Number of protein chains: 2
Amino acid sequence: MKGLGELERSIMDILWAERGPLTAREVGRLIADRDLAPTTVMTVLDRLTRKGFLTRTRDGRAWRYEPAASRDAYVAELMLEALDLTGDRSAALQRFAQAVSGSEAEILRRALTELEE
Amino acid sequence: MKGLGELERSIMDILWAERGPLTAREVGRLIADRDLAPTTVMTVLDRLTRKGFLTRTRDGRAWRYEPAASRDAYVAELMLEALDLTGDRSAALQRFAQAVSGSEAEILRRALTELEE
DNA sequence: GGCGTAGTACTACGTCCCGTAGAGGGGTAC
DNA sequence: GTACCCCTCTACGGGACGTAGTACTACGCC
């Protein structure tokens with residue numbers, strides 16, 4: 001999977017937080033604090049589409065952009081990719097299990113239990 | 001945590017696979033298939049040290065390089081960083097739990113159970 | 001005791017990614 | 001038909017990284 005830059009991630013965050021697809025202009029308004037040129041937003045949206053993180057559909061003359069996958073799916077994929085870097089997956093998983101906080105361990109435990117059934 | 005490039009990762013892999021610290025020359029021999037100039041290996045070892053991935057100690061005129069952390073710790077950290085990217089850690093963890101293979105789910109389950117005790 | 005060798009530090013260059021944006025073309029609305 | 005909006009294409013500067021040369025120093029050998 002391709003990586004994301006800092007601005008790219010900010011824009012993905014905006015789109016992940018919305019329920020419907022947004023136009024470049026709308027994204028621009030939601031990230032107005034960065035005071036970016038409109039074309040900057042468009043360029044980044046375009047790059048994200050090329051990288052497969054967004055899909056876009058026509059809306060009149062404009063495009064509407066929407067995440068291709070949920071943020072959770074993205075995060076889970078990143079975690080799996082990290083796991084693939086190790087030679088000893090078991091050891092890495094054990095370390096990971098020890099490192100997550102208690103409440104998160106509980107969530108993991110429950111998710112794994114449901115799997116079992 | 002800083003990222004690793006492709007050559008940097010290869011060299012970390014070599015050092016993670018060895019039990020003792022290596023000199024630049026030794027690393028060079030272990031990566032001879034890439035046919036790199038000796039200074040290239042030294043440069044990368046130096047950058048890895050600056051980034052905090054390696055520590056080095058004198059051995060005569062030479063330096064001996066050694067990973068600052070185990071590969072498993074590195075991988076677990078990457079996984080935690082990925083997890084930090086999400087707004088909904090619980091959803092991401094559930095996705096992750098569903099995505100790991102059965103045997104790995106079992107490893108996780110056991111690690112979590114040990115934690116509980 | 002000079003010379004090759006090994007090791008180091010420092011500098012450098014090309015490439016790719018990414019943040020950033022301008023220029024120009026073509027609908028739309030009034 | 002003019003002002004505006006949105007698109008596409010092109011571009012530029014900085015930083016990371018792969019790659020390596022140069023120059024200085026210490027050690028061993030003859």
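So you know, we letter chains A, B, ... as the sequences are listed, proteins then strands, and number each from 1. None of these values were measured; they are calculated from a predicted model. Side chains are part of it too, since the values below use all heavy atoms of this structure and drop only hydrogens, waters and symmetry mates.
Whole-Å rounding puts the B:L45 CG to D:dC17 C1' distance at 14 Å. In this structure, A:E26 atom CD and D:dC7 atom P are separated by 11 Å, rounded to whole Å. Here the C1' atom of nucleotide D:dG14 and the CD atom of A:E6 are 14 Å apart, to the nearest Å. Per the geometry, CE belonging to B:M12 stands 13 Å off P belonging to D:dC17, to the nearest Å. A:L48 has its CG atom 9 Å from the P atom of C:dC18, to the nearest Å. Between the P atom of C:dG27 and the CG atom of A:D59 lies a distance of 17 Å, rounded to the nearest Å. Across the protein-nucleic acid pair, A:R29 atom CZ and D:dC6 atom C1' stand 13 Å apart, rounded to whole Å. With rounding to whole Å, A:K51 atom NZ is found 7 Å from C:dC18 atom C1'.
Residues B:R109 and B:E106 are paired through a salt bridge, judged by an N-O separation under 4.0 Å between the basic side chain and the carboxylate. Using a 4.0 Å cut-off between charged side-chain N and carboxylate O, A:E114 and A:R110 make no salt bridge. Here A:R64 does not pair with A:E18 in a salt bridge; the nearest charged N to carboxylate O distance is not below 4.0 Å. Salt-bridge check for A:D46 with A:R50: passed, with a basic side-chain N closer than 4.0 Å to an acidic carboxylate O.
Tracing side-chain contacts under 4.5 Å through hydrophobic residues (I, L, V, M, F, W, Y), one never reaches B:L22 starting from B:M42; they form parts of separate clusters.
In this structure, B:K2 does not reach the D:dC17 phosphate: none of its side-chain N or O atoms is under 4.0 Å from OP1 or OP2.
Looking at heavy-atom distances under 4.0 Å, A:R9 makes no contact with the nucleic acid at all. A:G60 comes within contact range of no nucleotide atom at all, as no heavy-atom separation falls under 4.0 Å.
Toward the 5' end of DNA chain C, the nearer of the two residues A:T40 and A:G3, judged by each one's closest nucleotide, is A:G3.
Separation of atoms CG (A:L4) and CG (A:L78) is listed at 8.0 Å; rounding is to 0.5 Å.
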task: Starting at the 5' end of nucleotides 5-13 of chain C, put B wherever the base has a protein heavy atom under 4.0 Å, S where only the sugar-phosphate does, and a dash everywhere else.
output: -BSBB--B-
message: Let's go through A:R95 and B:D72 carefully: what are the C-alpha distance in whole Å and the side-chain angles of both, what is the deciding distance for salt bridge (charged side-chain N to carboxylate O under 4.0 Å, His left out) to 0.1 Å, and is it a yes or a no?
response: CA-CA 7 Å; A:R95 277 225 169 231; B:D72 306 319; 5.4 Å; no
